[in-house]
Amino acid sequence: MQEKLSSEVLKKFDDVRANYFEILENISRAAEKADRSADDITFLAATKTVEPAVINYAVSLGLKYIGENKVQELLSKYDEYDLANCDLQFIGHLQSNKVRQIIDKVSLIQSVDSFKLANEISKQSIKNNITSNILIEVNIGREQNKSGVMKEELDELIEKISHLDNIKIKGLMTVPPICENKIEVCKFFDEMYKIFIDISAKTLDNVSMDYLSMGMSDDYEQAIISGANMVRIGSRLFGSRIYR
Ligand SMILES: *Cc1c(COP(=O)(O)O)cnc(C)c1O
C-alpha cells in the first residue's frame, strides 16, 4: 500500500511519528503536574487539511481520537479514515441544516452553542434511531464573531437541551482568545474549569460532565494543568496547515 504514497507523504510520516511521541510525553508531564494520570487525558488530533494517509499513519501509532471542523471536508475524507481504530468527532462550527449529513458518522459533536442546533441534532438522532453525544461550546473570551455560548446563558441552555430526546451532554468545550502569554490564557482555562466543576455538581438528566475540551497546539499543557481532560491538537502533530 505504501508504494502508492507520494514521497512528500512518506517524509511527513517521520515528522508525525516524532511529534506524536513528544506530545504524549508532554501530556504525561502536564498531567503529573496536575496530580492526574495521563490516562485521564484524551488526546484528539484536529485533522483539518490533513490527508487521510497521514491521519491513518498517526492512528497506526496509537492515536485514538480525530476531529474535523468542516462538514464538507469530513464527508470527502470519510471513506478513507481508519475508523476501525479511531473515533471520529466534529469540532467546528456546525450549521443546523448540515446536521443530518454527519449525524450517523461522528461519536461526539463538540461545538453545540444553541438550542436550535441541539434541537436539530435531537430530531436527526431520533430519525436515525441513535443517541448523540455533544459538548457545549463556551465563548469564554466573550469574543464577537466567535462561536460558543456566553457563560451567563450556559445554565439555561443546558437545562433546555437536557429535556430533548436522543441527545446527551457530555461536557464543555472552548477555544479561548489568542493571548499574548501563557498567564493570560490560563485565566480563561481556570475560569472554564470553575464553570465545569459548578455544573458537575448539579444533577440533570442526560447531562454528565465527563469532558472538558480545551487546549490546542500552543497551550495544551497549560490547559491540562488548569483541568482540561481533552486536548485538540493539530499543527503540533501534523505540521503547519497548507490550505489548498
Ligand atoms: C484546528 C483546530 C484545533 C487545533 O489547532 P492547532 O492550533 O493546530 O493545534 C483545535 N480545535 C479546533 C476547534 C480547531 O478547529
Side-chain angles (χ1 to χ4, degrees), residues 12 15-16 18-27 30 41-52 54-55 58-59 61 63-77 81 86-95 98-99 102 105-114 117 133-141 143 145-149 170-182 184-186 188-189 192 196 211-244:
K12 191 120 215 189
D15 294 340
V16 169
N19 294 343
Y20 178 75
F21 289 107
E22 189 185 315
I23 291 167
L24 287 190
E25 260 179 49
N26 292 340
I27 288 175
I41 314 292
T42 300
F43 167 15
L44 174 136
T47 50
K48 57 177 173 276
T49 77
V50 182
E51 4 183 357
V54 176
I55 299 171
V59 171
L61 299 173
L63 178 72
K64 290 273 182 300
Y65 300 89
I66 62 174
E68 290 288 352
N69 72 329
K70 290 211 162 68
V71 168
Q72 216 43 57
E73 183 173 350
L74 183 152
L75 294 175
S76 73
K77 287 149 84 172
Y81 300 123
C86 73
D87 191 89
L88 175 63
Q89 307 189 357
F90 194 78
I91 61 175
H93 179 67
L94 181 59
Q95 288 169 276
K98 294 196 173 157
V99 168
I102 61 158
K105 296 183 172 61
V106 296
S107 65
L108 182 68
I109 299 173
Q110 293 211 8
S111 38
V112 176
D113 61 359
S114 71
L117 176 58
N133 295 321
I134 65 164
L135 304 184
I136 305 295
E137 181 172 358
V138 180
N139 184 350
I140 196 66
E143 292 171 281
N145 311 319
K146 194 147 178 181
S147 308
V149 61
K170 292 288 182 186
L172 305 178
M173 180 271 222
T174 197
V175 182
I178 294 168
C179 292
E180 299 263 309
N181 57 56
K182 311 255 160 172
E184 211 183 306
V185 77
C186 281
F188 292 114
F189 290 151
M192 277 298 298
F196 179 74
Y211 294 107
L212 177 56
S213 172
M214 59 183 190
M216 315 200 299
S217 285
D218 291 333
D219 52 23
Y220 64 95
E221 290 148 292
Q222 281 75 33
I224 291 168
I225 292 168
S226 293
N229 62 10
M230 182 186 278
V231 292
R232 310 177 309 269
I233 301 174
S235 46
R236 195 53 58 88
L237 176 61
F238 296 117
S240 345
R241 283 183 281 278
I242 302 158
Y243 290 91
R244 288 169 208 272

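The shown structure was predicted, so the numbers you read here are calculated from the model rather than taken from an experiment. Hydrogens, waters and symmetry mates play no part in the numbers below; they use all other heavy atoms, side chains included. As the structure lists them, so they are numbered: ligands from 1, and atoms in each ligand from 1.
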query: Hey, does Ile102 have a side-chain heavy atom less than 4.5 Å from the side chain of Leu94?
result: yes
Sidechain N-carboxylate O distance under 4.0 Å for Lys70, Glu73: no
Please write down residue, atom name and distance for the protein heavy atom closest to [atom].
atom                    : answer
atom 10 (C) of ligand 1 : Met216 SD, 3.1 Å
atom 6 (P) of ligand 1  : Ser217 OG, 3.5 Å
atom 11 (N) of ligand 1 : Arg232 NE, 2.9 Å
atom 12 (C) of ligand 1 : Ile91 CD1, 3.6 Å
atom 15 (O) of ligand 1 : Lys48 NZ, 2.6 Å

message: Tell me whether Arg236 has any N or O atom under 3.5 angstrom from an N or O of ligand 1.
response: no
message: Would Ile233 count as being in polar contact with ligand 1, using the rule that some N or O on each side must be under 3.5 angstrom apart?
response: no
field: Sub-4.0 Å heavy-atom contact, Gln110 with ligand 1
entry: no
task: Record the part of Ala46 in heavy-atom contact with ligand 1 below 4.0 Å; permitted values are side chain, backbone, both and neither.
output: side chain
Only distances under 3.5 Å count here; give the side-chain donor-acceptor pairs of residues 233-241 to other protein atoms, sequence neighbours excluded, each with its distance to 0.1 Å.
unit_1	atom_1	unit_2	atom_2	d
Ser235	OG	Ser217	OG	3.3
Arg236	NH2	Asp218	OD1	3.1
Arg241	NE	Tyr243	OH	3.2

query: Where the side chain of Asn181 meets the backbone of Glu184, is there a donor-acceptor pair that is under 3.5 Å apart?
result: yes
Looking just at side-chain N and O atoms, do [X] and [Y] make a donor-acceptor pair shorter than 3.5 Å?
X      : Y      : value
Tyr20  : Glu25  : no
Tyr220 : Asn26  : yes
Glu137 : Ser147 : no
Ser213 : Gln110 : yes

- line: For Gly234, the ligand 1 atoms with a heavy-atom partner under 4.0 Å come out as 4 (C), 6 (P), 8 (O), 9 (O)
- prompt: Of all the atoms in ligand 1, which lie at a distance below 4.0 Å from a heavy atom belonging to Ser235?
  reply: 6 (P), 7 (O), 8 (O), 9 (O)
- prompt: Who's closest to atom 5 (O) of ligand 1 heavy-atom-wise, of Met173, Glu137, Arg241, Met214?
  reply: Arg241
